Chemist: 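Before I ask anything, here is the structure I am working with.
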Amino acid sequence: MFDFKKLNVYSKAKSFCLDSKSILSMSRADKVTCDQFRRASFSIMLNIAEGSARFTKKDKRNFLIIARGSAFECDAILEYLYESGSISKESFQKYEDILEEISRMLFGMIKRLDET
């Protein structure tokens, strides 16, 4: 088994990526916004996976930072979807909470790499 599949943060990121389909299906967002959200949500899990394959701490850290940035990007898009009336407050809060947890986990992993 690939190492990244053992990571709890990867599992949560993958679930969020899969959930992004349902988020978008219930929204009234335009094609560009949907595409950007889909790519950003995919980027979280892909950068976690790719970073796990790197040999140096610096490289691993870089991919985790990119994954965390993509989580922030997803949150900004969710906020836009909510404020434009495309998704409900409940959906916004549910998925924002998930992204916040993913972000905290990634931040912890980045800090641990900095300390070693």
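This is a predicted model, so every value here is computed, not measured. Side chains included, hydrogens not; waters and symmetry mates left out as well; all remaining heavy atoms used.
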Chemist: Taking atom NZ of Lys12 and atom SG of Cys17, what is their separation to the nearest 0.5 Å?
Modeler: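 Here the interatomic distance stands at 15.5 Å.
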Chemist: If I compare all heavy atoms of Ile48 with all of Ala67, which pair ends up nearest, and what's the gap?
Modeler: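 Result for this residue pair: CG1-CB, 4.0 Å.
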Chemist: Is Ile87 close to Leu78 at the side-chain level, that is, under 4.5 Å between some pair of heavy atoms?
Modeler: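 The answer is yes; the side chains approach within 4.5 Å.
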Chemist: Strictly below 4.0 Å, N to O, side chains only: are Glu50 and Arg54 in salt-bridge contact?
Modeler: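 Here Glu50 pairs with Arg54 in a salt bridge, since their nearest N and O are under 4.0 Å apart.
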Chemist: State yes or no: do Ile23 and Phe92 share one hydrophobic cluster built from I, L, V, M, F, W and Y residues joined by side-chain heavy-atom distances below 4.5 Å, directly or via other members?
Modeler: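 Looking at the clustering, Phe92 is in the same group as Ile23.
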Chemist: Do Asn47 side-chain atoms and Ser43 backbone N/O form a donor-acceptor pair below 3.5 Å?
Modeler: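 Yes, because the side chain of Asn47 sits within donor-acceptor range (under 3.5 Å) of the backbone of Ser43.
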Chemist: When you compare the side chains of Ser27 and Ser86, does any donor N or O come within less than 3.5 Å of an acceptor on the partner?
Modeler: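 Checked: Ser27/Ser86 side chains show no N/O donor-acceptor pair below 3.5 Å.
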Chemist: Is there side-chain contact between Asp3 and Leu7, with heavy atoms separated by less than 4.5 Å?
Modeler: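 Heavy-atom side-chain distance check fails, nothing below 4.5 Å.
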Chemist: Identify the two heavy atoms, one from Cys74 and one from Phe37, that lie closest to each other, and give their separation to 0.1 Å.
Modeler: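 The answer is O-CE1, 3.6 Å.
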Chemist: Taking Gly85's backbone N and O only, do any of them form a donor-acceptor pair with Arg28's side chain (distance below 3.5 Å, no angle check)?
Modeler: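 Looks like yes, one N/O pair under 3.5 Å.
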Chemist: Nearest 0.5 angstrom please: Ser11 OG to Met45 CE, how far?
Modeler: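 Spacing of OG (Ser11) from CE (Met45) equals 10.0 Å.
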Chemist: To the nearest 0.5 Å, how far apart are NZ in Lys58 and CG in Asp114?
Modeler: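 CG of Asp114 is found 12.0 Å from NZ of Lys58.
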Chemist: Any idea how Phe16 and Tyr95 line up, ring-wise: parallel (<30°), tilted (30 to 60°), or perpendicular (>60°)?
Modeler: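 Judged by the thresholds at 30° and 60°, the geometry between Phe16 and Tyr95 is perpendicular.
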Chemist: When you group the ILVMFWY residues by side-chain heavy-atom contacts below 4.5 Å and let the links chain together, are Leu46 and Ile65 in the same group?
Modeler: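 Yes: a chain of side-chain contacts under 4.5 Å links Ile65 to Leu46.
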Chemist: Could you check whether any side-chain heavy atom of Ile44 comes within less than 4.5 Å of a side-chain heavy atom of Leu99, counting everything from C-beta outward?
Modeler: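 Result yes, sub-4.5 Å side-chain heavy-atom pair found.
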Chemist: For Lys60, look at atom NZ and say whether over 12 heavy atoms of other residues, nucleotides or ligands are found less than 6.0 Å away.
Modeler: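 More than 12 heavy atoms, drawn from other residues, nucleotides or ligands, come within 6.0 Å of this atom.
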Chemist: State the CZ-CG distance between Arg61 and Leu113, to the nearest 0.5 angstrom.
Modeler: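 Reported value, rounded in 0.5 Å steps: 8.0 Å.
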Chemist: In Å and rounded to the nearest 0.5 Å, what is the OH to CG distance from Tyr82 to Asp75?
Modeler: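 Going from OH on Tyr82 over to CG on Asp75, the span is 13.0 Å.
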Chemist: Can you find a heavy atom in the side chain of Gln36 that is under 4.5 Å from one in the side chain of Glu73?
Modeler: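 When only atoms from C-beta onward are counted, Glu73 and Gln36 do touch, with a gap below 4.5 Å.
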Chemist: Ignoring hydrogens, what is the shortest heavy-atom contact between Phe4 and Ser52? Give both atom names and the distance.
Modeler: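 Closest approach of Phe4 to Ser52: CB-OG, 3.3 Å.
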Chemist: Check Met109 against Leu64 and note the closest heavy-atom contact, atom names and distance.
Modeler: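 Between these two residues, the closest heavy atoms are CB-CD1, 3.8 Å.
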Chemist: Under 4.5 Å between side-chain heavy atoms, counting indirect links through other Ile/Leu/Val/Met/Phe/Trp/Tyr residues: same cluster for Phe55 and Phe63 or not?
Modeler: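 Not linked; separate clusters.
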Chemist: Assess the side chains of Ser88 and Ser91: does a donor N or O sit below 3.5 Å from an acceptor N or O?
Modeler: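 A donor-acceptor contact under 3.5 Å links the two side chains.
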Chemist: Kindly indicate whether the side chain of Asp35, heavy atoms from C-beta on, has any atom under 4.5 Å from the side chain of Val32.
Modeler: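 No, their side chains stay 4.5 Å or more apart.
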Chemist: Give a yes or no on whether a salt bridge exists between Glu100 and Arg104, defined as a side-chain N under 4.0 angstrom from a carboxylate O.
Modeler: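 Salt bridge between Glu100 and Arg104, a charged N being under 4.0 Å from a carboxylate O: yes.
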Chemist: Tell me whether Phe42 is reachable from Leu18 by hopping between hydrophobic residues (I, L, V, M, F, W, Y) whose side-chain heavy atoms are closer than 4.5 Å.
Modeler: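 Result: no, two separate clusters.
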Chemist: Could you measure the distance from the OG atom of Ser103 to the CD1 atom of Ile98? Nearest 0.5 Å is fine.
Modeler: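 Going from OG on Ser103 over to CD1 on Ile98, the span is 13.5 Å.
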Chemist: Give a yes-or-no answer on whether the side chains of Thr33 and Asp30 include a donor-acceptor pair shorter than 3.5 Å.
Modeler: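 Looking only at side-chain atoms, Asp30 and Thr33 do form a donor-acceptor pair, the distance falling under 3.5 Å.
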